[in-house]
Amino acid sequence: MQNKRQHFIPQCYLRLFSLDKKNINVYSKKYVRKSPIQAIVKTAYKDYFYNIPQKIIVTNNLEIPTTFYETEFFAKVVEQEYSKLLGRITAVEIENEKIKKPQPLTVNEKQLFAALIAIQYLRLPTVIDEYWETFRKTGSASLDIIKSFMASQHPGHKEFIDSIKLDLDKDYKPVEHSNLYTDENLIANLQDLILDKIWIFHISKDNFHTSDNPIIVKPHVPGHKPFYHGFGTYGSEIIFPLSSNVLLSMFDRKHFHEMECKHENYLIIDSKKTREYNCYQYFFSEQEVYSKINDFKGYELLKADNNGKHIFLKQSRTKIY
């Protein structure tokens, strides 16, 4: 069957972390790899991840193929626009410590790119896994309340009432996922939060890494609960590597108001700061970190300092119902 490998990290994005646009270096927190080199087409995907099961299409009289979201929504719409804007933003050159930066995005282009960042975040497996688990727990808690009420009204049927179980059909999971990454109101709300940030493009003369969970929300002010998965949290920084030499940091404007003068600037950072941003990709990755070159020795040192175990950190998230 065609379109079996369905990428949650687009290939057009991964090519910006590749020397030959075909292969990428992979550091795995799950497997011991013989070689770091891996084809991009075999990276950051799940089989049939976005497919809508045929039985659901038939039951709901939908006139779409099972691969609709993979082939029509992502491939023909989202990723074509994503590729163009990423190419423009990352077309940066450094000569004698001076940055030759690209033409700034128009207002419409920036709005579109913010929406694409939101969609990229919502299409990740971590998001739907958390949403589905919340859906399951909410359903289970609701059923317990109903069963408790029924048992109080019909004590003679308690054994039967206790036997009632919640049975979620996992075939509906990709349907619920599509309801997230195509939700116009949700995307618009995330888009507004992203646009309200101070955008700073960091330029590295070394090498930025990315991962299977590339959009990271870093809190800078303790004690503030995450709002909209952290995108609207006071004092937060959204970190998103865009290529091997460009990384976008989006800072909360209310807290980092003194950085307003740097808004939409391209700034060169040193090797130490580059390593710091790369470590975030390692810490918050689900399984894999990606790089243009095989420069993963630092992660082995972190692992050694952690008693030989990889470090897995989870971002604080709020549930979106």
Side-chain angles (χ1 to χ4, degrees), residues 9-10 12-13 15-17 78-122 187-211 214-221 227-278 280-281 292:
I9 307 292
C12 64
Y13 170 79
R15 291 187 192 106
L16 297 172
F17 297 85
V78 171
E79 289 170 15
Q80 287 195 17
E81 297 296 334
Y82 200 36
S83 181
K84 286 189 291 187
L85 290 176
L86 282 171
R88 275 199 56 195
I89 294 169
T90 60
V92 178
E93 297 178 11
I94 302 175
E95 293 182 4
N96 300 321
E97 299 299 317
K98 292 184 178 180
I99 302 171
K100 184 180 178 182
K101 60 183 182 180
Q103 287 291 320
L105 298 179
T106 65
V107 172
N108 288 340
E109 287 174 333
K110 188 174 179 183
Q111 289 175 340
L112 174 58
F113 191 60
L116 292 171
I117 293 174
I119 292 171
Q120 172 57 67
Y121 178 80
L122 293 170
I187 292 168
N189 289 337
L190 290 174
Q191 178 190 40
D192 287 343
L193 292 170
I194 292 168
L195 288 170
D196 194 42
K197 299 286 188 287
I198 297 170
W199 290 31
I200 299 177
F201 297 95
H202 296 295
I203 310 300
S204 174
K205 291 186 288 185
D206 297 302
N207 183 50
F208 285 126
H209 296 175
T210 190
S211 73
I215 301 174
I216 295 166
V217 180
K218 177 186 176 183
H220 286 269
V221 182
F227 176 65
Y228 263 97
H229 282 218
F231 282 69
T233 302
Y234 178 79
S236 65
E237 175 191 2
I238 303 170
I239 300 168
F240 187 22
L242 303 182
S243 73
S244 60
N245 68 326
V246 180
L247 180 145
L248 173 60
S249 277
M250 294 165 277
F251 294 89
D252 172 46
R253 184 172 261 111
K254 293 185 179 70
H255 179 71
F256 294 99
H257 48 83
E258 77 283 355
M259 299 176 67
E260 192 74 49
C261 59
K262 299 178 181 179
H263 183 49
E264 296 188 356
N265 280 0
Y266 283 76
L267 304 175
I268 297 176
I269 62 173
D270 59 21
S271 298
K272 182 179 179 181
K273 192 66 177 179
T274 300
R275 288 194 298 272
E276 177 187 335
Y277 278 123
N278 287 345
Y280 296 144
Q281 292 298 314
K292 180 175 66 175

- Message: Among residues at least two apart in sequence or on other chains, which ones pass side chain to side chain contact (heavy atoms under 4.5 Å, CB included) with Pro219?
- Response: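 For Pro219, no residue satisfies side chain to side chain contact (heavy atoms under 4.5 Å, CB included) once neighbours in sequence are set aside.
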- Intermediate values then yes/no, side chain to side chain contact (heavy atoms under 4.5 Å, CB included), Phe240 and Ile194: CA-CA 12 Å; Phe240 187 22; Ile194 292 168; over 6 Å; no
- Kindly indicate, with the supporting measurements, whether the criterion side chain to side chain contact (heavy atoms under 4.5 Å, CB included) is fulfilled by Glu260 and Ile198. CA-CA 6 Å; Glu260 192 74 49; Ile198 297 170; 4.0 Å; yes
Kindly compute the distance separating [atom1] ([X]) from [atom2] ([Y]), expressed to the nearest 0.5 Å.
| X | Y | atom1 | atom2 | answer |
| --- | --- | --- | --- | --- |
| Glu79 | Leu86 | CD | CG | 10.5 Å |
| Leu85 | Leu105 | CG | CG | 6.5 Å |
| Ser244 | Asn207 | OG | CG | 5.5 Å |
| His209 | Arg275 | NE2 | CZ | 11.0 Å |
| Tyr266 | Ile99 | OH | CD1 | 9.5 Å |
| His202 | Asn265 | NE2 | CG | 11.0 Å |

- Query: Under 6.0 Å from the six-membered ring centre of Trp199 and within 45° of its axis: does the NZ or CZ of Lys110 meet both?
  - Reply: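 Yes, Lys110 and Trp199 form such a contact.
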- Is it true that the NZ or CZ of Lys273 lies under 6.0 Å from the centre of Tyr277's six-membered ring and within 45 degrees of the ring axis?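 Ring-cation test returns yes.
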Heavy-atom distance under 4.5 Å between the side chains of [X] and [Y], does that happen here?
| X | Y | answer |
| --- | --- | --- |
| Met250 | Ile117 | yes |
| Thr233 | Asp252 | no |
| Pro214 | Ile9 | yes |
| Pro102 | Val92 | yes |
| Ile200 | Leu248 | no |
| Tyr82 | Pro10 | yes |
| Leu247 | Phe201 | no |
| Lys197 | Ser236 | yes |

[Y] versus [X], side-chain donor and acceptor atoms under 3.5 Å:
| X | Y | answer |
| --- | --- | --- |
| Ser204 | Thr274 | yes |
| Thr210 | Tyr13 | yes |
| Lys254 | Tyr234 | no |
| Asn245 | Ser243 | yes |

- Give a yes or no on whether Lys262 atom NZ has more than 12 heavy-atom contacts from other residues, nucleotides or ligands under 6.0 Å away.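 12 or below, so no.
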Distance-minimising heavy-atom pair for [X] and [Y]:
| X | Y | value |
| --- | --- | --- |
| Ala118 | Leu190 | CB-CB, 3.7 Å |
| Ile215 | Gln120 | CD1-CG, 3.8 Å |
| Pro104 | Glu109 | O-OE1, 4.4 Å |
| Ser249 | Ile239 | OG-CG1, 4.3 Å |
| Glu81 | Leu112 | OE1-CD2, 3.6 Å |

- Message: Could you check, using the six-membered ring where one of them is a Trp, whether Tyr121 and Phe231 have ring centers closer than 6.0 angstrom?
- Response: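 They qualify: ring centres under 6.0 Å apart.
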- Can you sort out the partners of Asp270 under salt bridge (Lys or Arg N to Asp or Glu O under 4.0 Å), two or more places apart, ordered by chain and number?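 Partners of Asp270 by the salt bridge (Lys or Arg N to Asp or Glu O under 4.0 Å) criterion come out as none, since no residue qualifies.
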- Query: Checking side chain to side chain contact (heavy atoms under 4.5 Å, CB included) for the pair Leu195/Gln111: CA distance, chi angles, key distance, verdict?
  - Reply: CA-CA 7 Å; Leu195 288 170; Gln111 289 175 340; 3.9 Å; yes
- Message: Does the plane of the ring in Phe251 sit parallel, tilted or perpendicular to the ring in Phe256? Use 30° and 60° as the thresholds.
- Response: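 Correct class here is perpendicular.
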- Would you say Asp196's side chain and Gly232's backbone share a donor-acceptor pair under 3.5 angstrom?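 Side chain of Asp196 to backbone of Gly232: no pair is present.
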- Message: Can a donor-acceptor pair be found, under 3.5 Å and without considering hydrogens, that links the side chain of Arg88 to the backbone of Gln103?
- Response: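 Checking the backbone N and O of Gln103 against the side chain of Arg88, a donor-acceptor pair under 3.5 Å is found.
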- Task: Check step by step if side chain to side chain contact (heavy atoms under 4.5 Å, CB included) holds for Asn278 and Phe208.
- Result: CA-CA 6 Å; Asn278 287 345; Phe208 285 126; 4.0 Å; yes
- Considering only NZ, NE, NH1 and NH2 on the basic side and carboxylate oxygens on the acidic side, decide whether Glu264 and Lys101 come within less than 4.0 Å.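 Answer for the salt bridge query: no.
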